[in-house]
Amino acid sequence: MPNGLPIMPMPVAMRVDGHLYERAVEPRRLLCDYIRQDLGLTGTHVGCEHGICGACTVIVNGEAVKSCLMLAVQARGADVQTVEALAQNGQLHPLQEAFAEHHALQCGFCTPGMLMAALTFLNENSDPTDEQIKLGMDGNLCRCTGYYNIVDAIRAAARMMRV
Amino acid sequence: MKPAPFCYHAPASVAEAISLLRDLRDEDAKVLAGGQSLMPMVNMRLARPAHLVDINGIDDLAHISCPDDGGLAIGALTRQRRLERSAEVARRAPLLAEALPLIGDRLVRSRGTIGGSLAHADPTAELPVVAVALDAEIGVVGPQGARPVPSSQFFVSVLTTAVEVDELLVEVRLPPATPGEGYAFVELARQHGAFAIVAVAASVALDDGHIREARIALGGVAPIPVRAWEAEEALRGQPFIPETLARAAEMTAAATDPMPDVHGSPEYRRAMAAVHTRRALQLAGDRATSTGGAAGA
């Protein structure tokens with residue numbers, strides 16, 4: 001193998017949901033698989049594995065990204081936030097409450113990604129119009145709800161989070 | 001699916017990246033920028049590079065600089081979302097600002113970079129069309145040093161550019177906007193965020209109701225972005241009226257070379273190229289009139 005880091009596992013340290021993890025990781029390990037399989041944090045879901053569905057959305061250093069399109073080694077030193085840290089002390093996050101209240105999920109497969117995408121969206125726009133919500137959530141697919149309830153939930157969560 | 005094994009490299013500087021790419025020039029190495037096009041192909045094993053050279057750790061590749069001439073110099077690794085949020089981009093490159101939200105989706109743009117999109121050279125992508133419309137200069141660095149490549153010579157064919165295997169795209173330089181010029185980027189896609197069936201970038205500068213200068217570039221209708229030189233020439237000095245624009249739109253459509261696919265025949269794409277060119281010219285001209293001398297100041 002010409003001068004490169006080997007295909008063999010390399011040490012990777014990153015913070016996930018506030019905890020520092022250090023693991024030896026193969027370079028081809030996707031961030032989503034690292035989170036689920038190496039760390040056992042299965043709240044993050046894996047859908048299409050090629051960046052279309054958004055089910056695997058996590059927040060890396062403040063930006064919502066599709067974790068199937070990032071290698072775990074690329075998140076060295078990063079601060080990663082997954083759906084598992086949304087609820088605090090047994091108390092659901094307003095987004096989670098609003099999703100339940102407004103029936104914004106049926107099978108729930110897309111929900112972890114929806115929640116993380118919605119969180120960064122509302123951080124940038126705390127009082128969005130429905131049109132802005134639809135555009136802001138354009139990276140996440142749901143095959144059950146038809147989206148109306150998701151838009152309702154995010155609008156309601158925005159209201160809760162503003163007070 | 002999961003990626004096939006590869007050797008991972010993370011250079012910390014452009015010089016280190018170039019030296020790696022030179023060493024690996026016969027080894028099937030791919031540069032990894034935002035990864036929003038390469039990673040799907042690697043995941044599906046449509047691409048199985050032996051080496052990935054990850055440039056995300058090169059900090060000085062992510063910048064938005066504002067030269068005194070009123071143009072913009074954008075580091076290749078600058079994320080599309082950052083460009084979207086930039087007041088300087090909105091002010092100095094309104095055409096780029098209008099095209100950015102049409103790329104992929106918000107999450108894709110969080111990682112996707114301007115340089116990655118140009119280097120990938122997808123015939124349906126937005127940023128190559130913007131680069132060709134604005135006569136951007138693409139800064140490329142290789143073992144022999146830096147060389148500027150005009151956007152008119154940058155795109156070679158589908159997914160192929162003038163960047164050699166041991167070179168790196170480092171910067172995109174946009175010339176200053178002409179005062180009073182209006183810009184428009186319009187796109188036809190099957191759905192929001194989908195690959196463009198046709199994308200049109202246009203600029204129009206007016207003098208007293210007549211077109212002083214117009215620029216037209218299209219995506220999705222040929223292996224590389226198309227610049228409609230003949231139509232631009234024909235528009236010069238003509239009155240800014242629907243008939244003039246319709247004629248130029250027909251000339252533009254005739255200059256395209258669309259490929260058939262499931263989303264449309266060549267005839268359909270050519271027809272849509274005419275319709276959207278007309279709309280883009282109209283919108284650009286309306287904006288030129290309404291902004292007066294303010295744009296690009």
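Letters A, B, ... are given to chains in the order of the sequence lines, protein chains preceding strands, and every chain is numbered from 1.
In this structure, chain A has no heavy atom under 4.5 Å from any part of B/L38.
Taking each heavy atom of B/K2 and A/D33 in turn, the nearest pair found is NZ-OD2, 2.8 Å. Of all heavy-atom pairs spanning A/P27 and B/Y8, the tightest one is CB-CB, 3.5 Å. Nearest approach of A/A117 to B/L107, heavy atoms of both residues: CB-CD2, 4.2 Å.
Heavy-atom pairs under 4.5 Å with chain A were tallied for B/R109, B/M41, B/M44, B/R85; the largest tally goes to B/R85. Ranked by heavy-atom pairs under 4.5 Å with chain A, the first of B/P5, B/G57, B/G35 is B/P5. Of the listed residues A/H50, A/E26, A/M137, A/R29, the one with more heavy-atom pairs under 4.5 angstrom with chain B than any other is A/H50.
Around atom CE of B/M259, no more than 12 heavy atoms belonging to other residues, nucleotides or ligands sit under 6.0 Å away. In the displayed structure, A/E97 atom CD is contacted under 6.0 Å by more than 12 heavy atoms of other residues, nucleotides or ligands.
At least one donor-acceptor pair under 3.5 Å links the side chain of B/R106 to the backbone N or O of A/G136. Using a distance-only test at 3.5 Å, with no hydrogens or angles considered, a donor-acceptor pair links the side chain of B/N43 to the main chain of A/E49.
Residues of residues 75-82 of chain B having a heavy atom under 4.5 Å from any heavy atom of chain A, listed by number: B/R81. Residues of residues 63-78 of chain A lying under 4.5 angstrom from chain B, judged on non-hydrogen atoms, are A/E63, A/A64, A/V65, A/K66, A/C68, A/L69, A/M70, A/L71, A/V73, A/Q74, A/R76 by number. Of residues 37-45 of chain A, not one residue has a non-hydrogen atom less than 4.5 Å from any non-hydrogen atom of chain B. Residues of residues 186-199 of chain B having a heavy atom under 4.5 Å from any heavy atom of chain A, listed by number: B/H192.
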**Study point:** A/L30 and B/M39: CA distance, side-chain angles, deciding distance, side-chain contact (heavy atoms from CB on, under 4.5 Å) verdict
**Key:** CA-CA 10 Å; A/L30 302 177; B/M39 286 306 298; 3.7 Å; yes

